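Have a look at the structure below, then the notes.
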Amino acid sequence: MLTIQSLREDKDRVIQALSKRHVDATSDIEQVLEWDAARRQTQATLDDLLAQSNALSREIGGLMREGKKEAAEAVKGKTAEMREQTTDLKHRMHELEASIQDVLCTIPNTPHADVVAGKSAEDNIETARWGEIPTLHAGAMPHWELADRFKLIDFDLGSKVTGAGFPFYRGKGAKLQRGLIRMFLDCADEAGYEEFIPPLMINAESGFGTGQLPDKEGQMYHDVTDDLFLIPTAEVPLTNIYRDVMVKEQELPIKLCGYTPCFRREAGSYGKDVRGLNRLHQFDKVEIVQIDHPDRSYASLDSMVDHIKGLLEALELPYRILRLCGGDMGFTSAITYDFEVYSAAQKLWLEVSSVSNFETYQANRLKCRFKGSDGKPQLVHTLNGSALALPRIVAALLENHQDENGIRIPKALQAFCGFERID
RNA sequence: GGAGAGGUGGCCGAGUGGCUUAAGGCGCACGCUUGGAAAGCGUGUUUACUCGAGAGGGUAACCCGGGUUCGAAUCCCGGUCUCUCCA
């Protein structure tokens, strides 16, 4: 959520920045500012009235103590009207606050200066590329056929037991998952991220804190009986650790990581590019999160990007990095880099990681602050990235490292999996 | 699932309708004292909104949300979390 201060101080800059997303927030912002002015006006009146009313109450208290009952009763009469007024004003305040909040949380984050205007994925900027695209032997298979041939993943069984998008991993397929998770967690640990095993369900407050609610409710599985949501990413529980927290400046940056399954309804996804592991309702992911000082958050973003490069290079997967354009970026992000690996049999670039700086957008919702050198509370910056999401990594590993007889496991991964080949 | 007890500042803890502007203690910061330190003494030590150039002022907040009352940490209702016991 944008801060109301940023709108008061420089609404033109905000409107300008949002235009890169092809969002025209002019009327919403004008409306919010109007309500904000009304709210302040109302508060001034209310505070004044309450001050008077408090004074009268103290007077009554004094008179009662002295036993002057009639005098006290007389003063009581004066307070009746005042009470009605304060009740009205309090309601008015609540209404205005709620209206401001409702509109404010529908306005997305302002893109960083480096983000270009654009409508869709075609306008994203490629900022880096690494690795050779492998030439596969004749008869090379897409990963879903390899998974079937070597009995690594059973999609049909998942459909039977749960539904489409919930595969079973088995045998070396399961071990490969476990090995990747271990590798990613160990690398995050070495890079100074503290490991967590968070809850897989979150409450509505947490959903609001990181920006999944109220807007993207339909993307999460919702247990209505207890009003809990299955996490779409570990970002939600990990970042919400710091909801309503005043952190110490010298503790920054705070670096967290965690492996979790992720659950996404993927409502609206259809047909194309959803075969096999390309798009699932449940998948595994290791997430890295940083809570950082505003002055240093962009250096931290770079370090997260480097961390992910290291993982992909260790897995010997060719990748490219895209800086998303305004129109393709998530609602809460100020800047996002997507990592895509090349899946050689499908001949497709697959997104395997998304790294973002949210600046103060989530922090404002979370109320996560630190005390600056001037002693005043300031919002932190939050960042996160996938390091990494497993299914598409597995897809690319299987496809790119296949030969006539089987699949080669990259050297760096062998120790974690416990085998060198799948055949 | 049932019964009971409880939730007060950074921490401990008093407080059962108005001299509460939340006692007292611990911790922390600064000062005095000291050769230096400790002890001692003194001062200060929450957050949000808001008014003000500033100094400073107003309002709100004792788990959350309602209610009773001129007035609520305190009484009532609902929720939530923790603990104990039972199933």
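It should be emphasised that the depicted structure is a prediction, and the values quoted were computed from it without experimental measurement. A note on names: the letters A, B, ... follow the listed sequences, proteins ahead of strands, and every chain is numbered from 1.
- Side-chain N or O atoms of Asn109(A) include one that pairs as donor or acceptor with a backbone N or O of Thr332(A) at under 3.5 Å.
- At least one side-chain nitrogen or oxygen of Arg8(A) sits closer than 4.0 Å to the OP1 or OP2 atom of U50(B).
- Under the Watson-Crick and G-U wobble criteria, each requiring two contacts below 3.5 Å, nucleotide G10(B) is paired to C26(B).
- Checked against the 6.0 Å centroid criterion, the rings of His293(A) and Phe370(A) qualify as a close aromatic pair.
- Nucleotide G1(B) has C86(B) as its partner under the Watson-Crick or G-U criteria, with both atom distances under 3.5 Å.
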For each nucleotide in nucleotides 57-67 of chain B, reading 5' to 3', give B when a protein heavy atom comes within less than 4.0 Å of its base, S when such contact involves only the sugar-phosphate, and - otherwise.
-BSS-------

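- Contacts with RNA chain B (heavy atom under 4.0 Å) in residues 239-256 of chain A: none are found.
- Taking the centre and axis of the six-membered ring of Phe283(A), the NZ or CZ atom of Arg264(A) falls outside the cone set by 45° and 6.0 Å.
- With A48(B), G71(B), U50(B) as the choices, the nucleotide that has an atom nearest any side-chain atom of Pro377(A) turns out to be A48(B).
- If you check U47(B), C49(B), C70(B) against the side chain of Ile60(A), the one that comes closest is C70(B).
- Residues Leu256(A) and Tyr193(A) approach most closely at O-CD2, 3.4 Å, considering heavy atoms.
- Listed in residue order, the members of residues 360-370 of chain A having a heavy atom less than 4.0 Å from RNA chain B are Arg369(A).
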